[in-house]
Amino acid sequence: MTPIAEVEGRRIALSNLDKVLYPATGTTKGELLHYCATSAGALLAHLAGRPVSFLRFPDGPAGQRFFTKNPPPGVPSWVRTAAVPRSAGQLAKQVLVEDLATLMWAANLVVEFHTPQWQVDNPARADRIVFDLDPGEPATVVECCAAALWLRERLAADGLSAYAKTSGSKGLHLLVPLEPTPSPEVSAYAKSLAVEAEAELPRLVVHRMTRALRPGKVFVDHSQNSAAKTTAAPYTVRARTEPTVSAPVSWEEVAGCTAPEDLVFRVGDIAGRLERYGDLLGPLINLNRAGRLP
């Protein structure tokens with residue numbers, strides 16, 4: 001019989017809690033839901049106000065995976081949705097995950113949470129810049145950290161503050177709080193910095209996606225600043241071999257990274273990090289930290 005949990009007055013069916021989703025670590029669906037519940041404060045802070053897309057992997061990372069922006073079938077009536085712009089000027093509904101009940105309902109679907117760089121009440125006006133630093137083998141997150149430190153300094157020269165998180169995969173994400181700015185302007189600025197990074201660090205950085213250019217270098221992906229694109233949300237669990245998390249990291253950790261495992265965080269690591277550091281990405285949701293494009 002499927003257990004029913006009452007969360008904030010909402011009844012949610014939580015299914016297959018003993019199902020092993022990550023055979024490499026033996027992590028079950030119940031443990032994944034427990035992580036979402038105990039990290040809800042941080043997760044919800046970064047999902048609030050943003051239309052959420054889901055990468056679903058109900059049978060674990062080795063099973064079928066599919067990405068959806070549309071509300072899934074059977075969405076409860078109490079789950080809030082909003083009409084957001086899509087292609088050709090059309091509007092379509094997307095889920096907003098802004099309370100614990102909705103978070104647990106969504107987590108029961110087994111998902112990665114992805115969000116755009118803008119909020120639902122101000123579509124296509126980005127309130128942050130994102131750089132996705134993706135290493136091409138044999139480069140690793142160690143090389144990403146070197147590129148990140150250069151970008152941090154370069155952004156600071158323009159009066160902008162950068163904050164880092166792991167991608168939860170191989171790389172690193174840089175996020176910059178911004179006064180709401182049209183997404184095309186943000187995209188153009190991000191691309192200009194990626195091009196400049198390649199010019200300054202030609203042996204380390206590439207700004208184009210062409211795979212032939214990427215071995216041993218860090219691809220500075222600026223494309224996720226497009227209004228139509230999304231990025232893995234802070235604190236989301238990833239559909240990888242192990243239950244790794246897209247976890248905020250301090251600049252001291254970035255500067256001190258000497259091996260890939262230095263910046264790998266799993267679901268069991270996050271509670272301790274939140275207790276020790278608080279939310280290292282808190283400045284992203286502090287309007288006083290928002291910068292302006294030069």
Side-chain angles (χ1 to χ4, degrees), residues 1-48 50-81 93-115 165-169 230 232-248 264-276 279:
M1 199 173 167
T2 301
I4 303 292
E6 185 166 316
V7 181
E8 297 180 332
R10 308 293 190 185
R11 290 170 59 82
I12 305 169
L14 303 179
S15 58
N16 303 315
L17 297 181
D18 293 330
K19 182 177 184 177
V20 174
L21 294 176
Y22 295 89
T25 57
T27 305
T28 65
K29 183 178 176 182
E31 290 171 315
L32 186 65
L33 267 61
H34 176 76
Y35 163 75
C36 289
T38 55
S39 305
L43 261 168
L44 289 171
H46 293 284
L47 298 175
R50 299 182 192 275
V52 175
S53 302
F54 299 129
L55 176 65
R56 298 183 61 181
F57 55 110
D59 295 315
Q64 183 183 15
R65 296 189 284 182
F66 50 100
F67 189 82
T68 178
K69 291 188 175 184
N70 298 322
V75 59
S77 60
W78 47 263
V79 168
R80 188 181 168 209
T81 60
K93 285 187 176 181
Q94 279 186 246
V95 169
L96 297 175
V97 180
E98 299 185 311
D99 55 62
L100 181 59
T102 304
L103 176 65
M104 298 312 296
W105 162 78
N108 185 63
L109 301 174
V110 187
V111 300
E112 291 181 0
F113 296 104
H114 290 248
T115 57
K165 68 181 178 75
T166 67
S167 68
S169 180
T230 63
Y235 299 102
T236 193
V237 183
R238 302 304 304 269
R240 305 296 172 184
T241 305
E242 298 186 0
T244 51
V245 174
S246 186
V264 175
F265 303 103
R266 301 169 182 84
V267 291
D269 299 320
I270 302 305
R273 289 182 62 79
L274 284 169
E275 185 175 348
R276 180 178 179 184
D279 180 7

Does [X] reach the side chain of [Y], with side-chain heavy atoms less than 4.5 Å apart?
X: Y22; Y: T241; answer: no
X: F113; Y: V237; answer: no
X: L274; Y: Y235; answer: yes
X: V245; Y: V267; answer: yes
X: L21; Y: L32; answer: yes
X: V52; Y: V97; answer: yes

For the side chain of [X] and the backbone of [Y], is there at least one donor-acceptor N/O pair under 3.5 Å apart?
X: T244; Y: F265; result: no
X: T81; Y: V95; result: no
X: T236; Y: A232; result: no
X: D99; Y: T102; result: yes

When rounded to the nearest 0.5 angstrom, what is the spacing between [atom1] in [X] and [atom2] in [Y]?
X: I270; Y: T38; atom1: CD1; atom2: OG1; result: 9.5 Å
X: R273; Y: S39; atom1: CZ; atom2: OG; result: 12.0 Å
X: E98; Y: R50; atom1: CD; atom2: CZ; result: 11.0 Å
X: R266; Y: Y35; atom1: CZ; atom2: OH; result: 13.5 Å

- Task: Only counting residues at least two apart or in another chain, list the ones meeting side-chain contact (heavy atoms from CB on, under 4.5 Å) with A37.
- Result: M104
- Message: Checking A107 now: which residues fulfil side-chain contact (heavy atoms from CB on, under 4.5 Å) with it, not counting sequence neighbours?
- Response: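 Listed in chain order: L33, C36.
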- Message: Under the criterion side chain to side chain contact (heavy atoms under 4.5 Å, CB included), I'd like the reasoning laid out for L55 against V111: C-alpha separation, chi angles, the key distance, then a yes or no.
- Response: CA-CA 5 Å; L55 176 65; V111 300; over 6 Å; no
- Query: With D269, which residues qualify under salt bridge (Lys or Arg N to Asp or Glu O under 4.0 Å), at least two apart?
  - Reply: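 Salt bridge (Lys or Arg N to Asp or Glu O under 4.0 Å) list for D269, sorted by chain: empty.
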- Apply salt bridge (Lys or Arg N to Asp or Glu O under 4.0 Å) to E112 and list each qualifying residue two or more places apart in sequence or on a separate chain. R238
- Task: Would you kindly say whether T27 and T25 are connected by a side-chain donor-acceptor distance under 3.5 Å?
- Result: yes
- Closest non-hydrogen atom pair between S246 and K165, with its separation: OG-NZ, 2.7 Å
- Check the pair D59, K19 against side chain to side chain contact (heavy atoms under 4.5 Å, CB included), reporting the backbone distance first and the verdict last. CA-CA 9 Å; D59 295 315; K19 182 177 184 177; 2.5 Å; yes
Name the atoms and distances for all side-chain donor-acceptor pairs under 3.5 Å in residues 61-72, with sequence neighbours left out.
| from | atom 1 | to | atom 2 | distance (Å) |
| --- | --- | --- | --- | --- |
| R65 | NH1 | A239 | O | 2.9 |
| T68 | OG1 | N70 | N | 3.2 |
| T68 | OG1 | N70 | O | 3.2 |
| K69 | NZ | A228 | O | 2.9 |
| N70 | OD1 | R86 | NH1 | 3.3 |
| N70 | OD1 | R86 | NH2 | 3.3 |

May I have the list of side-chain donor-acceptor pairs in residues 8-15 shorter than 3.5 Å, sequence neighbours left out?
| from | atom 1 | to | atom 2 | distance (Å) |
| --- | --- | --- | --- | --- |
| E8 | OE1 | L100 | N | 3.3 |
| E8 | OE1 | A101 | N | 3.3 |
| S15 | OG | K29 | NZ | 3.0 |

